[in-house]
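Report on one structure; see the data block that follows.
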Amino acid sequence: MGIIQEQISSACCHTDAYNDDMVRKVDCLVIGSGIAGLSYALKAASYGRVCVITKNSIEETNTRYAQGGIASVMYPPDSFEKHIRDTIRCGDGYCNEKIVEMVVKEAPDRINDLLKWGVEFDKRENGNFDLAKEGGHSSHRILHHKDYTGLTIHSTLIKQVKSTKNIEILEDHFAIDLITQHQLGDPVVRGQKDIHCYGAYALDLHTRAVDTLLSKVTIIATGGTGNLYHTTTNPPIATGDGIAMVYRAKGIIENMEFVQFHPTSLYHPGERPSFLITEAIRGFGGTLKSIDGEEFMAKYDSRGSLAPRDIVARAIDNEMKIHGDDFVYLDCTHLDAEALQENFPNVYQKCLSIGIDITKEMIPVVPAAHYLCGGIKVNEHGQSSIERLYAIGEAASTGLHGANRLASNSLIEAIVFAHRAVADVKNQLAGITFNEEVPEWDYGGTTHPEEMILITQSYKEMQQIMSNYVGIVRSDLRLQRALARLDIIYSETEELYKKSTLSRKLCELRNLINVGHLTIRMAQNLRESRGLHYTIDYPKKRTGSEF
Ligand SMILES: Cc1cc2nc3c(=O)[nH]c(=O)nc-3n(C[C@H](O)[C@H](O)[C@H](O)COP(=O)(O)OP(=O)(O)OC[C@H]3O[C@@H](n4cnc5c(N)ncnc54)[C@H](O)[C@@H]3O)c2cc1C
């Protein structure tokens, strides 16, 4: 944990003449159009003008790809106590127990918000919700819509946002950097108490001009960092931009070493992102087997194929290494074929499209980078260490997940914190003024056309470094080697950034290098194996007296 030493330079920006066309003022600037950003916008619109910016179309988000569902205690015999216990057990000693209790207890109200907005979850014949069970959960508590829950939630939120007054959506706008007193010429240092955020600079990807977006409050809802790794379930937008921006603005980032690898993504070389085979299939009875058909999970955990993700991912990684195989199998051929197709139409169709009928053939699967448990450190209201700056969703580190996220706890975390962040700020908006002194973006010196070949090559190298040395199993030597290699790419990219015209790809590469660096340094600092962080040099968890 702890704060990483300064290494990453802040954005350069100097006072310049205003060009009014490029300056916008909004009460709430929301960066990101996933579940976190859109649910925040819907609630905040009752209290002020909201602008949601997104670097792609409004649709392209991690949220859209979520399959399994959203966790909430709904009926007995499930209880808040059980959900709290499961979350804390999975988080391996690093959860903030107050936050866990808060999220679990507020979850049913936030599910009601989704229902009011029009989200439909699957129901049973008796009218009750059809609750699924996933790895690490002791009860059935996952609300879902078939196996495309994220798409269902997201499409509903988009419809709502588009028909709500007071919300403006700017697609294809890439947030480059946050604006603080640093841009006004006042130096800021990490840990300083009174850093203020006055908005953000965003690159309009059509005009290539940089807009100055002044805000009363800014909300980072930019999602995760899956593209640090070459095999990931995340779409290409997941490049850790918000985390890197907050780090450059001298905000506090934590727990970056806890990267969750999903044990079962479809092994289909060349396909990006890797298609997720939902954990719910294992909850439904699917079992993991080696290529020669041997069930292996019982060797690793008494819960077998339904052990928590970190254990399953490490077991698969180990099996692949022992046998020298590129994948293992998920076997569903013994399950009721009709029920399988009915419950998992998305997985069934996807596999069929590449020639695998999952009712008759086993599915080749491989672990893939999936979720980031750490990120921008926030309090119980989603407030970061910077004034007027909030972080919600996967970009935030709330304390809920600790060292390992319990399945389906992230969508619920996003809406609980979106609600809390609005509640925290709604009465303050009237008293906050825009900072009119903010300078426009300085394009000085950045005139060379971007060299795509350099950017693409560095991107691939960065992913190779992270995948080979900072993956499921780590060691001191691997981390040291990763840092040394990444430092070279870091210096080259900073040079390129100083002189090239701004582009999305270049900014994303720079941000990924920033978050990769933080991931490695925090992994080096954790001299134990805990939750998602496993190192062969310290294979055990430290006990209380060793801290
Ligand atoms: C395949 C898959 C399956 C999953 N299944 C589940 C599940 O079943 N249950 C569950 O709870 N969780 C699941 N998750 C995790 C969950 O989907 C995510 O954690 C959650 O959707 C994150 O939401 P978010 O709003 O924080 O970010 P996202 O939905 O990722 O949205 C991020 C937004 O930020 C924008 N953005 C990023 N950088 C910038 C920038 N510089 N400028 C402007 N805009 C920017 C993006 O364009 C995007 O609009 C799954 C994830 C994946 C990938």
Side-chain angles (χ1 to χ4, degrees), residues 29-41 52-72 107 132 134 142-145 147-151 153-154 157-158 169-178 200-205 213 219-227 232-245 260 262 264-266 273-280 346-347 368-373 375-376 391-396 400-401 405-415 417-418 504 507-508 510-512:
L29 171 64
V30 179
I31 308 176
S33 63
I35 186 172
L38 296 189
S39 55
Y40 181 95
V52 179
I53 70 165
T54 179
K55 66 180 173 180
N56 205 302
S57 67
I58 191 171
E59 284 87 13
E60 194 56 344
T61 57
N62 270 14
T63 300
R64 203 168 184 77
Y65 293 82
Q67 293 181 0
I70 181 161
S72 174
E134 292 185 317
I142 317 294
L143 293 117
H144 63 99
H145 186 93
D147 58 352
Y148 44 87
T149 311
L151 183 65
I153 294 175
H154 200 228
L157 293 179
I158 291 175
I169 300 156
L170 296 179
E171 295 183 306
D172 299 319
H173 276 66
F174 185 99
I176 309 166
D177 264 310
L178 296 169
Y201 293 113
L203 176 65
D204 179 332
L205 296 171
L213 304 172
I219 292 83
I220 301 277
T222 47
T225 59
N227 287 283
T232 176
T233 59
N234 294 188
I237 52 101
T239 53
D241 300 342
I243 298 169
M245 282 193 284
Q260 185 167 67
H262 197 287
T264 54
S265 79
L266 181 64
S274 298
F275 182 80
L276 184 81
I277 306 291
T278 172
E279 191 151 356
N346 191 16
V347 171
H370 184 58
Y371 184 82
L372 174 68
C373 292
I376 302 156
I392 50 179
E394 192 168 338
L400 175 70
H401 309 303
R405 175 188 71 128
L406 184 66
S408 289
N409 261 359
S410 43
L411 293 173
I412 197 69
E413 178 196 42
I415 49 170
F417 274 87
R504 172 178 161 181
C507 291
E508 287 181 338
R510 186 171 181 247
N511 289 336
L512 279 168

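Hydrogens, waters and symmetry mates play no part in the numbers below; they use all other heavy atoms, side chains included. Just so you know, these numbers come straight off a predicted model, no measurement behind them. When a ligand or atom number is given, it counts from 1 through the structure's own listing order.
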(message) What's the separation between atom OG1 in Thr264 and atom CZ in Phe275, rounded to the nearest 0.5 Å?
(response) 10.5 Å
(message) Please report the interatomic distance OG(Ser33) to NE2(His173), rounded to the nearest 0.5 Å.
(response) 13.5 Å
(message) I'd like to know if Glu508 pairs up with Arg504 as an ion pair, taking the criterion as any Lys NZ or Arg NE/NH1/NH2 lying under 4.0 Å from an Asp or Glu carboxylate oxygen.
(response)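 Looking at Glu508 and Arg504, the cut-off is met.
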(request) Could you tell me which residues satisfy side-chain contact (heavy atoms from CB on, under 4.5 Å) with Ile176, sequence neighbours excluded, listed by chain and number? (result) Phe174, Leu203, Val210, Trp441, Tyr497, Leu502, Cys507
(message) So if I apply the side-chain contact (heavy atoms from CB on, under 4.5 Å) rule between Lys55 and each of Ile31, Asp241, Asp172, which one comes out positive?
(response) Asp241
(request) Identify, chain by chain and in numerical order, each protein residue with a heavy atom under 4.0 Å from an atom of ligand 1. (result)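 Near ligand 1, by chain and number: Ile31, Gly32, Ser33, Gly34, Ile35, Ala36, Ile53, Thr54, Lys55, Glu60, Thr61, Asn62, Thr63, Tyr65, Ala66, Gln67, Gly68, Gly69, His173, Phe174, Ala175, Ala221, Thr222, Gly223, Thr233, Asn234, Ile237, Asp241, Leu276, His370, Tyr371, Gly393, Glu394, Arg405, Ser408, Asn409, Ser410, Leu411.
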(request) Return the minimal non-hydrogen interatomic distance between Gly242 and Ile220, and the atom names on each side. (result) CA-CG2, 3.7 Å
